[in-house]
Amino acid sequence: MTSLFDDTIAEQYQNDPLAMRVYTSQLLGQSKELVLHGGGNTSVKIDNILYVKGSGWNLDTIEKGGFSPVNLDVLLEMATRETLSDTQMVAEQRAAMADQSYPNPSIEAILHAIIPYDYVDHTHADAVVTLTNTPNAKVLVQKLYGESMLIIDYVMPGFELAKHIYEVTRNIDWDTISGMILMHHGVFTFDNDARRAYEKMIDIVTVAEEYLSERVTLACGDCEGKSDPSLPKAVALEVEKLCGYEVFPLIIDSPRAQLFSILPNLETLVKKGGLTPEHVIRIKPFPAIIDNNIAEGIAHFAKEYKAYFDANASSDHICLDLAPRYVVIKGVGIVVLGKDEKESRIIGEIVKHTITAILSAEQLGGWGSLTLAQMFEMEYWELEQAKLKK
Ligand SMILES: [Zn+2]
């Protein structure tokens, strides 16, 4: 991928690090293969304040008001704690804000604070995450990027991840580190120069993209181009019985979606995790699969979803509705089911990126991301459950 950094535009921000932070954050956000819908986050450190992406903001449209100012020393002290619930972390981060009118800082704020550079960029780059979701991924990624790349095993985002990275990096010489790849999750780059932090990201992603393009072809020779305009509505009617609200169905019947729908190992494959952890909150841990009978496929999903909940929940978890957020129809493609058009388009985009990643990894030895237990940990995270209990 190519850098979108434009010197003539950037020049006006030279003496305003926060404006420069806004500029390169928007550049990251413009590339859907780097971040989707609220994914990823960025920060800049100015005079002992960490300005970090606030919740509710997307990188492509972020402005100065989207960067919450948090006291850097407080965040660094939090990293040294033995334990801290994510609820408590959010409350303490909020209390450490220099101005309470800003949104809640990203749950990755402590992690940004630990990295000792002014500019920190974090994305969920498709190409890199795809590579981390293949067999022997750690060895592959380390070989591809060399010893200077810090590879971090999967840990649930939030305090646990910040704590883990604090421990792992306590005695390292940061100047010898070219970036950080989080298995099954994403990439961090950093520099005291905004452009270099951004372009390090572009370089890392380019390496993964080239690796993939040399080894993966996503053409669909067997796709028949079947289409049935009545399908989305028919699926929606079945799903509405389960979730109890109206859904806005959209069909994805591209050759790629058809190729995905006819994978022989589809049933097992869709239970091997998503592209990046947080997507589970929007699309659930797996889709419904419909062979011929729509009602049967949806009912089967409800049964499997309940079994997944029962296998992982403790007594205080509240089960979400039993309706799928997307449905794979064999030989046809995919129907996405948001509660309105906006949500369906978001789900559709996440699904398109996810199936591309899965199809690619399948050609590199086999897709494998998070386990269902790890997906549950994210989907039923205390901060998500708190929203339900409100
Ligand atoms: Zn992330």
Side-chain angles (χ1 to χ4, degrees), residues 21 24-25 27-29 31-44 50 52-60 62 66-68 70 75 79 86 89-90 93 103-115 117 119-133 137 141 149-166 168-169 179-190 197-198 200-201 204-205 208 273-283 285 346 349-350 353-354 357 369-370 374-375 377-379 381-384:
R21 177 67 285 176
T24 59
S25 301
L27 295 186
L28 292 170
S31 302
K32 294 243 188 306
E33 63 272 37
L34 293 180
V35 288
L36 283 174
H37 305 290
N41 40 60
T42 57
S43 66
V44 60
L50 178 82
V52 63
K53 193 188 93 161
S55 68
W57 286 82
N58 287 358
L59 286 181
D60 57 345
I62 199 161
F67 284 94
S68 308
V70 197
L75 292 171
D86 286 331
M89 175 184 79
V90 168
Q93 284 183 177
N104 275 342
S106 160
I107 56 130
E108 275 156 350
I110 296 175
L111 180 37
H112 281 256
I114 293 167
I115 300 174
Y117 291 90
Y119 291 89
V120 176
D121 294 18
H122 169 49
T123 73
H124 301 150
D126 289 356
V128 179
V129 182
T130 298
L131 293 187
T132 72
N133 294 346
V141 172
M149 184 62 71
L150 198 59
I151 317 276
I152 305 287
D153 285 327
Y154 177 77
V155 175
M156 160 104 176
F159 181 72
E160 289 294 320
L161 177 61
K163 176 85 197 156
H164 179 66
I165 290 181
Y166 171 72
V168 170
T169 61
M180 193 158 71
I181 292 179
L182 277 49
M183 299 295 288
H184 318 306
H185 177 164
V187 186
F188 274 85
T189 55
F190 28 84
Y198 166 74
K200 281 177 184 173
M201 182 67 70
I204 288 171
V205 176
L275 182 52
T276 196
E278 71 192 37
H279 285 170
V280 70
I281 292 162
R282 294 214 188 251
I283 66 171
I346 291 172
E349 219 152 3
I350 291 172
H353 284 253
T354 302
S369 179
L370 301 187
Q374 288 169 324
M375 301 283 277
E377 201 185 11
M378 190 79 219
E379 190 181 11
W381 187 26
E382 60 186 66
L383 297 176
E384 289 301 317

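Given the structure is predicted, the values throughout are model-derived calculations rather than measurements. Computed from heavy atoms alone, side chains included, the values below leave out hydrogens, waters and symmetry copies. Whatever order the structure lists them in is the order used to number ligands and atoms, beginning at 1.
Of the charged side-chain nitrogens involved, at least one lies within less than 4.0 Å of a carboxylate oxygen, so that D121 and R21 count as a salt-bridged pair.
Across H122, H112, K53, a single residue satisfies side chain to side chain donor-acceptor pair (under 3.5 Å) together with N41, and that is H112.
Considering every non-hydrogen atom in both L75 and A109, the closest pair reads CD1-O, 4.1 Å.
Using bins of under 30°, 30° to 60° and over 60° for the plane-to-plane angle, the ring pair Y117/F190 lands in the parallel bin.
The side-chain heavy atoms of M183 and I151, taken from C-beta on, include a pair separated by under 4.5 Å.
Checked against side chain to side chain donor-acceptor pair (under 3.5 Å), E160 has no partners two or more places apart in sequence or in another chain.
Excluding waters, the protein N/O/S atoms found under 2.8 Å from the Zn ion (ligand 1) are H122 NE2, H124 NE2, H185 NE2.
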